[in-house]
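Worksheet for the structure shown next.
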Number of protein chains: 2
Amino acid sequence: MTARDPIDIWRRPERSGVGPKPQHSRGQIAAAAIDIADRDGLAAVSVRRVARDMGTGPASLYRYLRSHDELVELMVDTVSGEYDLGPSGETPRDQLLALARQGRSIMHRHPWLAALLPTRPSMGPSTLRYLERALSAMESIDMPGPSKLQTVAMLTALTSAFVQNELSQPGNSGSDNGAANDRLEYLSEAVWSGNYPRLAGALAGGHEPETPDDMFTGIIVDYLAGAGLR
Amino acid sequence: MTARDPIDIWRRPERSGVGPKPQHSRGQIAAAAIDIADRDGLAAVSVRRVARDMGTGPASLYRYLRSHDELVELMVDTVSGEYDLGPSGETPRDQLLALARQGRSIMHRHPWLAALLPTRPSMGPSTLRYLERALSAMESIDMPGPSKLQTVAMLTALTSAFVQNELSQPGNSGSDNGAANDRLEYLSEAVWSGNYPRLAGALAGGHEPETPDDMFTGIIVDYLAGAGLR
DNA sequence: TATTGATTGCGAACGGTGTTCGCAATCAAG
DNA sequence: CTTGATTGCGAACACCGTTCGCAATCAATA
């Protein structure tokens with residue numbers, strides 16, 4: 001009886017010794033998928049495309065994945081492994097801030113990540129390690145456990161919100177080509193109509209150089225202070 | 001010569017008098033799509049499904065839409081029309097807070113919205129009206145126009161982040177059925193392994209009743225204060 | 001009133017997608 | 001050498017977004 005057991009999500013089932021040696025791995029699959037997403041956007045990450053890039057057929061990947069959704073989860077968790085969880089900072093606040101900063105740079109490295117993170121709490125090993133680290137930073141804080149978890153969740157949500165805001169700024173085309181143009185067509189027409197005077201005024205003042213680093217730090221620090229982290 | 005002009009994104013091209021009267025409308029399409037998304041999740045909103053629910057074929061909708069992406073934009077802007085933009089609140093801060101509160105309840109009414117809003121600044125008429133209203137709330141504030149726009153964008157991003165956090169809480173199944181279960185499987189196993197002691201501790205303390213309203217207000221007010229809004 | 005032609009409705013088809021099925025190939029254990 | 005759990009993967013199914021082409025409509029014109 002061929003078992004066809006459900007694939008253990010994160011560990012491969014410890015090879016029972018029998019059967020041919022695997023020619024692929026979740027790691028390779030994740031790497032290929034992340035590569036595609038970094039280059040051509042998340043929408044380009046299809047099971048078939050990943051398989052093609054790996055030189056095999058789509059069906060093969062289903063020995064390692066339960067679904068396309070799980071592929072995305074795998075991508076998120078894999079990329080979450082890019083955190084450096086070594087100690088950095090004295091106070092809990094500084095440690096969490098450092099983590100958030102790293103998060104921002106990871107999201108810049110993988111622009112598809114920001115939109116994904118708040119939606120799917122991936123719960124892979126790297127994510128769990130990150131969670132454990134963040135909780136350890138808050139060890140001295142007197143606060144019920146669930147609230148600490150919520151604080152961490154809100155922290156990454158804030159970070160991803162900020163980064164998505166950065167990425168949607170004009171100039172960061174990313175992989176959006178013509179879609180934005182249509183929007184701008186209508187926007188300029190609407191502004192020209194005179195129905196939105198304040199909006200017109202706000203848009204008139206050209207895009208000045210911002211200092212997003214300080215803004216980011218400010219927002220995060222304000223939130224942490226509000227949450228009782230000092 | 002059949003013109004087949006590009007469809008004006010938000011206004012129908014003012015009917016030139018010639019040709020059969022339209023049997024559908026962008027409004028109907030939006031309503032059908034929103035209904036599907038509210039009931040079965042955003043993933044269920046396909047052009048074909050919307051057409052089927054409207055009792056017609058997929059090709060028909062393409063007289064009113066340029067693409068599936070535009071359908072989603074239309075949904076977002078339509079739902080953004082649910083804001084009540086009447087004056088509420090004295091200070092700029094109170095007005096923006098009131099807007100954010102409305103945003104939260106709209107996102108609760110349409111759970112698919114929160115994940116969409118920060119990604120695609122839809123720029124439809126309702127969105128523009130909302131923007132204009134928010135800017136008018138800040139009229140007395142001395143701040144360059146673009147920064148005001150960024151403040152508003154960050155405000156909705158914060159709101160959507162908070163709501164996504166609320167929605168991913170256990171108990172709000174929404175339309176996720178089995179996917180979360182697999183995650184929990186691995187999570188409980190990982191926690192049981194003893195490798196994540198702090199995480200285990202945090203999860204052990206059962207889910208206490210939260211007071212998300214105050215939390216939300218606190219976060220928004222803190223942000224606005226940090227941005228110079230008093 | 002008859003004609004015209006821009007506009008709408010939509011069946012049919014194309015290429016891409018996620019996913020399942022079934023079987024041949026593998027290879028440690030017995 | 002046999003066994004049988006395991007892997008690789010071609011083929012197929014249902015669905016998706018999108019385009020094409022043409023019949024049907026109907027205000028404006030002749």
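Here is the naming used below: chain letters follow the sequence lines, and residue numbers restart at 1 for every chain. As the structure is a computational prediction, the values presented were derived from the model and not from experiment.
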| message | Name the residue from Val47(A), Val72(A), Leu71(A) that meets the side-chain contact (heavy atoms from CB on, under 4.5 Å) definition with Leu65(A). | response | Leu71(A)
| field | Residue mapping more 5' on DNA chain D - nearest nucleotide basis, Ser46(B) or Thr56(A) | value | Thr56(A)
| In whole angstrom, what separates Arg52(B)'s CZ from dG17(D)'s C1'? | 14 Å
| task | Give a yes/no verdict on a cation-pi contact between Arg104(A) and Phe216(A), requiring under 6.0 Å between NZ or CZ and the six-membered ring centre and an angle within 45° of the axis. | result | yes
| said: Nearest to the side chain of Pro58(A), heavy atoms from C-beta on, is which of dG17(D), dT19(C), dC9(D)? | reply: dT19(C)
| said: Should the side chain of Arg48(B) and the base of dG17(D) be counted as holding a donor-acceptor pair, with the cut-off at 3.5 Å? | reply: yes
| query | Does Lys21(B) place a side-chain N or O at less than 4.0 Å from the phosphate oxygens OP1/OP2 of dA27(D)? | reply | yes
| note | Tyr62(A) OH to dT19(C) P, in whole Å, measures 4 Å
| task | Would you name the heavy atoms of Tyr83(A) and Gly103(A) that are closest together and state the gap between them? | result | OH-CA, 3.3 Å
| request: Could you check whether Arg49(B) gets within reach of a base, just the sugar-phosphate, or nothing at all, counting any heavy atom under 4.0 Å? | output: nothing
| query | Taking OP1 and OP2 of dG9(C), is either one under 4.0 Å from a side-chain nitrogen or oxygen of Tyr64(B)? | reply | yes
| message | Without decimals, in angstroms, what is the distance between His24(A) NE2 and dT7(D) P? | response | 11 Å
| query | Leu42(B) has an atom CG; how far is it from atom P of dC16(D), in whole Å? | reply | 14 Å
| field | Protein-nucleotide distance (Leu61(B), atom CG; dG17(D), atom C1'), rounded to Å | value | 12 Å
| Nearest-angstrom distance from the residue atom CZ of Arg63(A) to P of dG10(D) | 13 Å
| Are Arg66(B) and Glu73(B) close enough for a salt bridge, meaning some N to O gap below 4.0 Å? | no
| request: Could you state the atom-to-atom distance from CD of Glu70(B) to P of dT18(D) in whole Å? | output: 10 Å
| OP1 or OP2 of dG9(C) under 4.0 Å from side-chain N/O of Ser60(B) | no
